[in-house]
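Residue indices begin at 1 and follow the sequence shown.
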Amino acid sequence: LQERIPPMVEDFLYICDGAYTQRELIKMEISILKIVNFDLGIPLSYRFLRRYARCAKVSMPTLTLARYILEHSLMDYTMIRFSDSKMAAAALLLALLMKDLGGWNPTLEYYSGYKLDDIRDICNLLNQSLHRKHKEALKTVHSKYSHKIFFEVAKLPLKETLDI
């Protein structure tokens with residue numbers, strides 16, 4: 001989990017109801033960090049997507065479409081084999097193609113480290129996934145991104161085939 005505003009030490013002390021002093025809590029935190037060798041997690045696909053979108057200077061509606069594609073991919077177990085960074089790159093590429101904004105360009109290649117050949121197949125799989133009909137229980141993402149606050153990106157016409 002990536003906290004935008006991490007909890008204060010005082011909050012933890014309050015939760016513990018005075019069972020530990022501030023010094024004891026910080027000492028234990030240091031001990032835990034050393035044991036896990038400061039390896040606390042990996043960046044999520046959404047973080048990669050935000051960086052790529054910022055580098056490419058894409059509009060908010062285009063970023064939102066890419067977010068929808070990425071979130072939609074979470075319901076497809078076959079996508080788990082791809083890294084978060086590649087998934088983000090492929091989702092952004094598909095969003096660019098769906099909005100006829102061009103494709104993978106040298107700026108995206110430079111900042112992502114991926115060439116078109118690295119993400120082409122994933123992009124096609126994401127496009128195919130958008131065409132599949134999901135069970136009622138899995139329609140939440142589509143419903144969420146059909147609202148005006150999300151620029152109704154889920155209602156955009158899908159590409160039958162991709163020219164990449």
Side-chain angles (χ1 to χ4, degrees), residues 1-96 98-99 101 104 107-114 118-119 122-123 125-126 129-130 132 134-156:
L1 184 63
Q2 296 180 359
E3 295 281 349
R4 288 183 185 260
I5 303 171
M8 304 287 289
V9 173
E10 291 76 19
D11 296 336
F12 288 115
L13 293 173
Y14 175 77
I15 291 169
C16 294
D17 196 27
Y20 305 98
T21 66
Q22 182 173 352
R23 187 173 174 357
E24 289 171 326
L25 187 73
I26 290 173
K27 190 174 175 185
M28 182 53 70
E29 193 173 65
I30 291 168
S31 175
I32 291 169
L33 287 170
K34 284 180 181 176
I35 288 170
V36 297
N37 199 25
F38 292 86
D39 187 10
L40 299 177
I42 58 171
L44 302 174
S45 57
Y46 179 65
R47 302 287 180 229
F48 285 107
L49 176 60
R50 278 187 23 197
R51 173 166 168 69
Y52 302 158
R54 194 175 312 123
C55 293
K57 296 180 173 73
V58 301
S59 68
M60 196 57 170
T62 304
L63 172 59
T64 305
L65 176 58
R67 283 178 54 199
Y68 164 62
I69 295 164
L70 204 51
E71 207 166 313
H72 189 276
S73 76
L74 294 174
M75 296 183 290
D76 189 343
Y77 187 71
T78 62
M79 298 295 185
I80 199 166
R81 62 189 170 178
F82 303 115
S83 71
D84 283 318
S85 58
K86 275 189 179 176
M87 288 297 293
L92 181 56
L93 173 58
L94 181 53
L96 292 170
M98 286 176 69
K99 296 191 86 161
L101 296 173
W104 208 241
T107 300
L108 285 166
E109 186 176 311
Y110 176 81
Y111 285 104
S112 72
Y114 294 123
D118 298 326
I119 58 171
I122 301 170
C123 185
L125 288 172
L126 288 171
S129 179
L130 289 176
R132 266 187 237 115
H134 289 287
K135 294 179 180 142
E136 197 61 39
L138 298 178
K139 291 186 177 180
T140 308
V141 174
H142 187 275
S143 176
K144 171 183 171 182
Y145 284 93
S146 293
H147 289 211
K148 283 188 171 133
I149 194 165
F150 292 106
F151 306 101
E152 299 177 331
V153 295
K155 296 179 180 179
L156 289 173

Inset, instruction - Taking the side chain as every heavy atom from C-beta outward, state whether Y52 and S85 have any pair of such atoms under 4.5 Å apart. - result: yes

Legend entry - Heavy-atom pair with the smallest gap, counting every atom of S129 and H72: O-CE1, 3.3 Å

Inset, instruction - Please tell me if the side chains of R51 and P43 come closer than 4.5 Å, counting only heavy atoms from C-beta onward. - result: no

Inset, instruction - Would you please classify the geometry between the F150 ring and the Y145 ring as parallel, tilted or perpendicular, with 30° and 60° separating the classes? - result: tilted

Inset, instruction - Tell me, with the steps shown, if L130 and M98 meet side chain to side chain contact (heavy atoms under 4.5 Å, CB included). - result: CA-CA 12 Å; L130 289 176; M98 286 176 69; 4.1 Å; yes

Inset, instruction - Answer yes or no: are there more than 12 heavy-atom neighbours, outside R50 itself, under 6.0 Å from its atom CZ? - result: yes

Legend entry - Gap separating the CG atom of L70 from the CG atom of L94, nearest 0.5 angstrom: 11.0 Å

Legend entry - For S59, side-chain hydrogen bond (donor to acceptor under 3.5 Å, both in side chains) partners two or more places apart: T62

Inset, instruction - Taking the side chain as every heavy atom from C-beta outward, state whether D84 and I42 have any atom pair closer than 4.5 Å. - result: yes

Legend entry - CZ-NZ distance between R81 and K86, expressed to the nearest 0.5 angstrom: 11.0 Å

Inset, instruction - To the nearest 0.5 angstrom, please state how far the CD1 atom of I69 sits from the CG atom of L74. - result: 12.5 Å

Legend entry - Full working for side chain to side chain contact (heavy atoms under 4.5 Å, CB included) between Y110 and C55: CA-CA 10 Å; Y110 176 81; C55 293; over 6 Å; no

Legend entry - Sidechain-backbone polar pair: W104 side chain, A89 backbone, donor-acceptor under 3.5 Å: no

Inset, instruction - Could you tell me whether a side-chain N or O of T64 sits under 3.5 Å from a main-chain N or O of M60, the two making a donor and an acceptor? - result: yes

N/O donor to acceptor pairs below 3.5 angstrom from side-chain atoms of residues 16-30, sequence neighbours left out:
from	atom 1	to	atom 2	distance (Å)
T21	OG1	E24	N	3.1
T21	OG1	E24	OE1	3.4
E24	OE1	T21	N	2.8

Inset, instruction - Please name the pair of heavy atoms, one in L63 and one in L49, separated by the smallest distance, quoted to 0.1 Å. - result: CD1-CG, 3.8 Å

Legend entry - Whether S143 side chain and K139 backbone form a donor-acceptor pair below 3.5 Å: no

Inset, instruction - Ignoring hydrogens and angles, tell me if any N or O in the side chain of D76 forms a donor-acceptor pair with the backbone of T78 under 3.5 Å. - result: yes

Inset, instruction - Mind checking the CG-OH spacing from L156 to Y68? Nearest 0.5 Å is all I need. - result: 9.5 Å

Inset, instruction - Hey, could you give me the NE2/CD distance between H142 and E71, rounded to the nearest 0.5 Å? - result: 13.0 Å

Inset, instruction - Hey, could you give me the CG/CG distance between D118 and L93, rounded to the nearest 0.5 Å? - result: 11.5 Å

Legend entry - Under the side chain to side chain contact (heavy atoms under 4.5 Å, CB included) test, residues paired with A90 that sit two or more places apart: I119, I122, C123, L126

Legend entry - Nearest heavy-atom neighbours spanning S146 and E152: O-CG, 3.2 Å

Legend entry - Residue pair S45 / A88: nearest heavy atoms and the distance that separates them: O-CB, 3.4 Å

Inset, instruction - Kindly check if the number of other-residue, nucleotide or ligand heavy atoms within 6.0 Å of OH (Y111) is above 12? - result: no

